[in-house]
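Convention: sequence-line order gives letters A, B, ...; per-chain numbering from 1.
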Amino acid sequence: MPELPEVETTRRGVAARVIGRRIVDLQVYDPRLRWPVPTDLKDRLQGYIVEALERRSKYLLFRIGLGTLLVHLGMTGSLRVYSRPPARVRHDHVDLVFDDDAVLRYHDPRRFGAMLWAPSPVDAHPLLRSLGPEPFDPAFDGDYLWRVTRSRTAAIKLALMDSRLVVGVGNIYANEALFRAAIRPATPAWRVGRSRLTRLVSEVRAVLSEAIAKGGSTLRDYVDAGGEPGYFQLNYYVYGRAGEPCRICGSLIRHSRLGARSSFYCGRCQRP
DNA sequence: CCGGACGCCTGTCGGC
DNA sequence: TGCCGACAGGCGTCCG
């Protein structure tokens with residue numbers, strides 16, 4: 001499910017409820033995630049205050065006690081804060097219980113997500129160490145993208161989704177940003193010129209900003225910390241619209257496959 | 001270093 | 001109605 005806008009929406013919703021609160025208990029109902037929830041996690045969390053909740057790439061970083069609780073939502077993970085937690089349902093994995101009785105619950109049917117402990121400094125953690133710049137980092141600009149794609153023969157869409165080059169851009173927003181920048185997804189990255197890459201950078205930022213403003217995208221099961229869906233899927237130009245008319249020129253949106261992921265584009269607006 | 005394929009899981013949907 | 005394969009928002013790992 002979640003790309004950067006959904007993770008960021010979750011971060012904001014969760015932060016409003018848990019920053020400054022003390023963790024009084026941790027209940028692990030099902031530790032089977034991408035990696036097992038560490039058995040000693042409770043020791044690292046219980047009795048400590050959540051000092052900050054940050055985001056790096058699609059990882060949520062809870063600054064707690066002597067380190068960081070690292071949470072990734074994978075494809076179907078969600079975090080919700082409950083004042084009065086309802087009965088657990090299938091695929092609920094973990095509850096963090098706070099001193100005001102609020103509960104932060106992690107739910108993840110496909111179990112591609114993760115809940116791990118990282119000692120300081122968190123940036124040195126193996127999962128974070130090789131990540132490229134954030135899309136809103138000034139270091140991510142047209143010149144940078146131009147430089148790192150000169151020797152890349154693979155498709156520009158794959159480069160955009162390569163977390164070593166830039167983080168946070170998943171399949172939906174890669175398709176949308178490339179449409180807005182009028183670049184075909186399958187274009188070899190090295191063939192895209194500097195000015196077009198500068199355009200791409202600004203379109204990546206634009207589409208992510210707009211998606212965050214709409215609370216992200218809800219395709220099937222994404223909800224934010226309060227259980228609310230996002231609405232940005234209503235603003236898609238191409239994602240999931242194969243066979244439907246382009247919102248700009250009316251020609252039919254095409255579908256192809258890059259790697260194992262679906263690509264969508266307009267054959268007229270996005271020149272080869 | 002680069003690029004592609006695979007695997008991890010469950011749920012849903014379309015076609016027969 | 002039932003079954004079966006394809007596919008889904010991610011990404012670490014392995015191999016050439």
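- Partner assigned to B:dC9 is none, using Watson-Crick or G-U wobble distances below 3.5 angstrom.
- Close to C:dG12, at under 4.0 Å from its OP1 or OP2, lies a side-chain N or O of A:Tyr59.
- Under the 6.0 Å distance and 45° angle rule, A:Arg152 does not count as a cation-pi partner of A:Trp190.
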task: With side chain to side chain contact (heavy atoms under 4.5 Å, CB included) as the test, would you mind laying out the steps for A:Leu60 and A:Arg11 before giving the verdict?
output: CA-CA 7 Å; A:Leu60 289 167; A:Arg11 187 193 68 78; 3.5 Å; yes
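- As rounded to the nearest Å, B:dC6 and C:dA6 have P atoms that lie 13 Å from one another.
- B:dC2 atom P lies 8 Å from atom CG of A:Asp162, rounded to whole Å.
- Between A:Lys214 and A:Glu210 there is no salt bridge, since no side-chain N of the basic residue sits under 4.0 Å from a carboxylate O of the acidic one.
- The separation between A:Asp224 atom CG and C:dG9 atom C1' is 16 Å, rounded to whole Å.
- The CD atom of A:Gln233 sits 12 Å away from the C1' atom of C:dG9 (whole-angstrom rounding).
- Closest to the side chain of A:Arg257, from the set C:dA8, C:dG9, B:dC2, is C:dA8.
- In this entry the distance linking CZ of A:Arg147 with P of B:dC1 reads 16 Å, nearest Å.
- Counting heavy atoms from C-beta on, the side chains of A:Pro185 and A:Phe179 never come closer than 4.5 Å.
- Across all strands shown, B:dG4 forms a Watson-Crick or G-U wobble pair, both distances under 3.5 Å, with C:dC14.
- Closest to the side chain of A:Thr153, out of C:dG10, B:dG3, C:dA8, is B:dG3.
- Across C:dG9, C:dG12, B:dG3, the shortest atom-to-atom separation from the side chain of A:Ala154 is found for B:dG3.
- For A:Ile172 and C:dC7, the CD1 to P distance is 17 Å, given to the nearest whole Å.
- Residue A:Tyr222 contributes atom OH, which lies 13 Å from atom P of C:dG10 at whole-angstrom precision.
- When distances run from any side-chain atom of A:Leu127 to the nucleotides C:dG9, C:dG12, B:dG3, the shortest one goes to C:dG12.
- Distances were taken from every side-chain heavy atom of A:Trp35 (C-beta onward) to each of C:dG9, C:dG12, B:dG4; the shortest belongs to C:dG12.
- As rounded to whole Å, 18 Å separates atom P of C:dA6 from atom CZ of A:Arg261.
- Centroid-to-centroid, the aromatic rings of A:His93 and A:Tyr29 stay 6.0 Å apart or farther.
- Here the separation of C:dG12 from B:dG11, taken at their P atoms, is 24 Å to the nearest Å.
- Looking at heavy atoms from C-beta onward, A:Asp25 lies out of side-chain contact with A:Phe98 at the 4.5 angstrom threshold.
- Across the protein-nucleic acid pair, A:Glu6 atom CD and C:dA8 atom C1' stand 14 Å apart, rounded to whole Å.
- Checked options A:Val207, A:Val169, A:Asn171; the residue passing with A:Glu176 is A:Val207 (criterion: side chain to side chain contact (heavy atoms under 4.5 Å, CB included)).
- Looking at every heavy atom in both residues, A:Arg184 comes nearest to A:Ile156 through O-CG2, 3.6 Å.
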task: Starting at the 5' end of nucleotides 5-16 of chain B, put B wherever the base has a protein heavy atom under 4.0 Å, S where only the sugar-phosphate does, and a dash everywhere else.
output: --BBBBS-----
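- Comparing B:dA5 with C:dC7, their P atoms sit 14 Å apart, to the nearest whole Å.
- Residue A:Tyr239 is classed as a sugar-phosphate contact, given heavy-atom separations below 4.0 Å to backbone atoms only.
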